[in-house]
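Input: a single structure, listed below in structure tokens.
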Amino acid sequence: IDTWVAPAWHVSLSLHFVPDTTAVKPAWVQSVIFEPSYTHEGAGDAGIEAGVTVPQGLERVYLQYLVSGHCTDGRGADEFEPKDHVIRVDDAVVYRYRPWRDDCGNYRAINPYCKKWSDGYWSSDFSRSGWCPGDVVKPLELDLTDHFAAGEHTIRFTVEDVRPKNADDHYGYWRISARLIGWTNVPPGTP
């Protein structure tokens, strides 16, 4: 696991999977995007668009959108400044929000490595775009059933005002992924 300061980390682990017997199994799941480096020079103001074919018979369609903002030099930009995210389905804006965390100081004690900066602040304590060091990044979950009838659709993800590359080759970037999940015969009281 690389870090922006030395030392980096080597991790050994094992996984034990336990089935969730209470979950309502989806009938359909489609990965929509995976972009590890959404930049101004790359996607920019145009955003990232994907085509989606929604099958017949779905009663509910959810979007899970997972994002975290970063910068290459640790100075503001898309890591330490909130930025608007816009989600469009078939060119209509369906959701706009700012993924912002202002509770990062709560995780300093469990952070595997954080640095005290020259100004006396701990790097782990600063508010960040969609993540905190030492905590899990949780996806935004949106019920988009009304926007995804069976058939062909487009979905577009845009991050506004991503910091462009400067003269020192530093810039802001986002890690973004999204998937759609559909259910048939959804019991009352479930997602």
Side-chain angles (χ1 to χ4, degrees), residues 1-39 42-43 48 50 52-55 58 60-74 77-80 82-83 85 87 95 97-117 121-144 155 157 159 171-187 189-191:
I1 302 172
D2 68 346
T3 62
W4 63 274
V5 291
W9 300 91
H10 294 279
V11 177
S12 295
L13 63 98
S14 62
L15 300 174
H16 176 74
F17 294 94
V18 178
D20 181 352
T21 58
T22 64
V24 178
K25 184 178 177 181
W28 171 73
V29 177
Q30 180 173 337
S31 177
V32 179
I33 63 164
F34 172 71
E35 178 53 63
S37 187
Y38 179 117
T39 64
I48 300 172
V52 176
T53 302
V54 178
L58 298 180
R60 183 109 12 101
V61 178
Y62 264 56
L63 170 73
Q64 289 183 332
Y65 182 60
L66 192 62
V67 298
S68 61
H70 305 273
C71 55
T72 58
D73 60 355
D78 295 78
E79 184 168 343
F80 301 105
K83 301 289 176 96
H85 288 238
I87 300 169
Y95 200 72
Y97 85 115
R98 287 184 175 189
W100 187 246
R101 296 285 303 269
D102 59 7
D103 60 338
C104 294
N106 297 336
Y107 301 97
R108 184 194 314 162
I110 61 170
N111 197 338
Y113 183 85
C114 65
K115 182 177 182 178
K116 191 171 187 178
W117 290 354
Y121 289 100
W122 290 88
S123 63
S124 61
D125 292 357
F126 287 99
S127 299
R128 284 181 165 81
S129 290
W131 67 285
C132 290
D135 194 26
V136 174
V137 177
K138 296 178 182 146
L140 169 72
E141 293 189 334
L142 292 176
D143 184 344
L144 295 181
I155 186 166
F157 304 92
V159 182
Y171 56 92
Y173 66 97
W174 288 82
R175 293 189 171 135
I176 298 174
S177 65
R179 69 179 178 174
L180 289 168
I181 305 170
W183 291 270
T184 58
N185 304 318
V186 179
T190 58

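Atoms considered below: every heavy atom in the structure, side chains included; atoms not considered: hydrogens, waters and symmetry mates. Source: prediction; values computed, not measured.
- With respect to H70, the ring-ring contact (aromatic ring centres under 6.0 Å, His included) criterion is satisfied by exactly one of W131, F80, W174: W131.
- Looking at every heavy atom in both residues, I48 comes nearest to A43 through CG1-CB, 3.8 Å.
- Atom CG of N106 sits about 9.0 Å away from atom CG of D135, to the nearest 0.5 Å.
- Contacts of Y65 classified as side-chain hydrogen bond (donor to acceptor under 3.5 Å, both in side chains), with partners at least two apart in sequence or in another chain: H85.
- Looking at residues two or more places apart in sequence or on another chain, you find a side-chain hydrogen bond (donor to acceptor under 3.5 Å, both in side chains) between D103 and R101.
- Scanning all heavy atoms of the two residues, the minimum distance from Y173 to P36 falls at CD1-O, 4.0 Å.
- Of all non-hydrogen atoms in D143 and V61, the two that sit nearest each other are OD1-O, 3.5 Å.
- The structure places CG of N185 at 10.5 Å from CG of L58, a figure rounded to the nearest 0.5 Å.
- For Y95 (side chain) and L142 (main-chain N/O), no donor-acceptor pair under 3.5 Å exists by modelled atom type.
- Here the side chains of F126 and E79 are not in contact, with every heavy-atom distance at 4.5 Å or above.
- Among residues two or more places apart in sequence or in another chain, the side-chain hydrogen bond (donor to acceptor under 3.5 Å, both in side chains) test is passed with S177 by none.
- When the side-chain hydrogen bond (donor to acceptor under 3.5 Å, both in side chains) test is applied to T39, no partner is found at least two apart in sequence or on another chain.
- Atom CD1 in I176 sits 11.0 Å away from atom CZ in F34 (nearest 0.5 Å).
- We find the CZ-CD distance between R179 and Q30 to be 12.0 Å, quoted to the nearest 0.5 Å.
- In this view, C71 satisfies the disulfide bond (SG atoms under 2.5 Å apart) rule with no residue, not counting sequence neighbours.
- Taken from CD1 in I155 to CG in L63, the straight-line distance is 5.0 Å, to the nearest 0.5 Å.
- Looking at V67 and V159, their side chains never come closer than 4.5 Å, going by heavy atoms from C-beta outward.
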Identify all side-chain donor-acceptor contacts of residues 20-28 below 3.5 Å with residues at least two apart in sequence or on another chain.
unit_1	atom_1	unit_2	atom_2	d
D20	OD1	T22	N	2.9
D20	OD1	T22	OG1	2.6
D20	OD1	A23	N	3.3

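- Looking at I33 and Y38, their side chains never come closer than 4.5 Å, going by heavy atoms from C-beta outward.
- Using a distance-only test at 3.5 Å, with no hydrogens or angles considered, no donor-acceptor pair links the side chain of S124 to the main chain of P133.
- Across all their heavy atoms, P82 and W100 have their closest contact at N-CZ3, 3.4 Å.
- I87 contributes atom CD1, which lies 6.0 Å from atom OH of Y97 (distance to the nearest 0.5 angstrom).
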